[in-house]
Amino acid sequence: MKLMLALDVMSKNEALKIAEETKDFVDIIKIGYPLVLSTGIEIVKEIKNKTNKEVVCDFKVADIPATNEKIAKTTLKYADAIICQGFVGKDSVMAIQKVAEEYGNKGAPKKVIMVTEMSHLSAVEFLQPVADDLAKMAKELSVDGVVAPSTRPERLKEIKEIVGDIPIISPGVGAQGGDLDKVLEILGDNDYVIVGRGIYEHNNPKESAKHYKKLISKN
Ligand code: NUP
């Protein structure tokens, strides 16, 4: 199982410092609007140069196909992977997959990760009722990964059963209170546990990353 650092800090210096400090224990780095809107998309390049890790842009893209295509082009020029929403439907996700295919190559394929059920409380209101269908769509489209919640292990399990061998990217451990032990029983070698605040808000991010890496590597 792999550790994905969610680097949702708001300053370039802090981002680069934490990325470098934790890089020995982190498998891949995820950034999103907090950092990119604060510093610009070029931060992707800087993180990659400092750490030699793949960078995922968590933009939860959710627009019409033509606009999704533009967002994917700007993002995948820099990033290795992009996260999109599935609830906008197949054509919107496929528009991103088309860009990923065009921009990637054998040595460095670009990946499209799709959200199914989110981890926060209110995800049960609108997303949960359609999340199994979203997971089925993710499988049909052969996306490169799906996001599913560590805050609801029973749902994580159900979504994993639907998507089969598609890697799961799972947020919710740490600040959101997800039970890592339960999550470790469900996820496998090709899946990712996302930790953000549990690492970057810790008084020693390196030690915290080391701790999480050790816990998830036991399985
Ligand atoms: O359902 C989701 N929940 C979630 O927390 C989908 C996500 N992409 N995330 C992201 O995961 C969230 O935006 C943040 O970047 C990370 C979790 O961070 P933390 O709660 O560990 O700080």
Side-chain angles (χ1 to χ4, degrees), residues 1-10 14-15 18-19 22 25-39 43-44 47 53-62 71 75 79-88 93 96 111-132 134-135 138 143-160 163 166-180 183 186-187 191-203 205 208-209 211-213 215-216:
M1 206 173 304
K2 291 174 250 186
L3 179 60
M4 182 179 287
L5 169 66
L7 195 50
D8 293 325
V9 295
M10 311 277 277
E14 196 183 356
I18 294 171
T22 58
F25 310 106
V26 160
D27 296 289
I28 186 164
I29 297 173
K30 181 178 87 62
I31 63 173
Y33 294 120
L35 185 60
V36 173
L37 292 179
S38 305
T39 64
I43 189 77
V44 174
I47 294 172
K53 303 281 174 195
E54 289 190 355
V55 172
V56 179
C57 275
D58 185 356
F59 291 160
K60 299 189 184 68
V61 189
I71 297 168
T75 307
D80 302 283
I82 184 167
I83 298 183
C84 67
Q85 290 285 10
F87 63 73
V88 274
V93 177
I96 300 174
K111 293 176 189 152
V112 181
I113 299 165
M114 204 195 92
V115 177
T116 58
E117 181 171 321
M118 292 183 72
S119 59
H120 62 307
L121 217 57
S122 294
V124 302
E125 290 177 27
F126 301 111
L127 268 181
Q128 192 177 74
V130 295
D132 287 2
L134 291 174
V143 297
D144 304 294
V146 299
V147 179
S150 281
T151 46
R152 275 174 237 107
E154 71 292 352
R155 292 292 298 140
L156 183 63
K157 189 158 181 256
E158 282 162 2
I159 291 167
K160 185 163 176 67
V163 300
I166 295 180
I168 302 251
I169 319 289
S170 190
V173 163
Q176 296 181 53
D179 182 339
L180 183 58
V183 170
I186 299 163
L187 296 184
D191 300 320
Y192 295 79
V193 170
I194 302 177
V195 183
R197 287 164 290 176
I199 293 175
Y200 68 76
E201 284 185 355
H202 194 276
N203 56 21
S208 179
H211 168 76
Y212 278 110
K213 180 67 180 169
L215 289 179
I216 65 170

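Worth saying up front: this structure is predicted, and the values here are computed from it rather than measured. Counting starts at 1 for both ligands and their atoms, following the listed order. Scope of the values below: all heavy atoms of this structure, side chains included, with no hydrogens, waters or symmetry mates.
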Checklist entry - Could you go step by step and tell me if T151 and Q176 meet the side chain to side chain donor-acceptor pair (under 3.5 Å) rule? => result CA-CA 7 Å; T151 46; Q176 296 181 53; 5.2 Å; no
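- Here the protein heavy atom with the shortest distance to atom 5 (O) of ligand 1 is Q176 NE2, 2.8 Å.
- No salt bridge links K157 with E154; every basic N to acidic carboxylate O contact stays at or beyond 4.0 Å.
- Note that the CD1 atom of I18 and the CD atom of E201 stand 9.5 Å from one another [nearest 0.5 Å].
- Contact atoms of ligand 1 toward V147: 6 (C) (distance under 4.0 Å to a heavy atom of the residue).
- In plain terms, the two heavy atoms of A62 and F87 that are nearest each other are CB-CZ, 4.0 Å.
- Annotation: atom 13 (O) of ligand 1 to nearest protein heavy atom, K60 NZ, 3.7 Å.
- Looking only at protein heavy atoms, the nearest one to atom 21 (O) of ligand 1 is G196 N, 2.8 Å.
- Residue contact check: M118 has heavy atoms under 4.0 Å from atoms 1 (O), 2 (C) of ligand 1.
- Some N or O of R197 is nearer than 3.5 Å to an N or O of ligand 1, by distance alone.
- Across all non-hydrogen atoms, the minimal contact from C57 to A79 is SG-CB, 3.7 Å.
- Between D80 and K53 there is no salt bridge, since none of the side-chain N atoms of the basic residue sits less than 4.0 Å from a carboxylate O of the acidic one.
- Exactly one of I216, T22, I28, I194 qualifies for a side-chain contact (heavy atoms from CB on, under 4.5 Å) with L3. That residue is I216.
- The protein heavy atom nearest to atom 11 (O) of ligand 1 is P171 CB, 3.5 Å.
- Looking at D58 next to ligand 1, an N or O pair under 3.5 Å apart turns up.
- Note on ligand 1: K30 sits in its first shell, one or more heavy atoms being nearer than 4.0 Å.
- Both the backbone and the side chain of S119 come within contact range of ligand 1, each with a heavy atom under 4.0 Å.
- Contact atoms of ligand 1 toward A6: 15 (O), 16 (C) (distance under 4.0 Å to a heavy atom of the residue).
- When each of V112, T75, I82 is checked for a side-chain contact (heavy atoms from CB on, under 4.5 Å) with V61, only I82 meets the rule.
- If you check which protein heavy atom lies closest to atom 14 (C) of ligand 1, you get D8 OD2, 3.2 Å.
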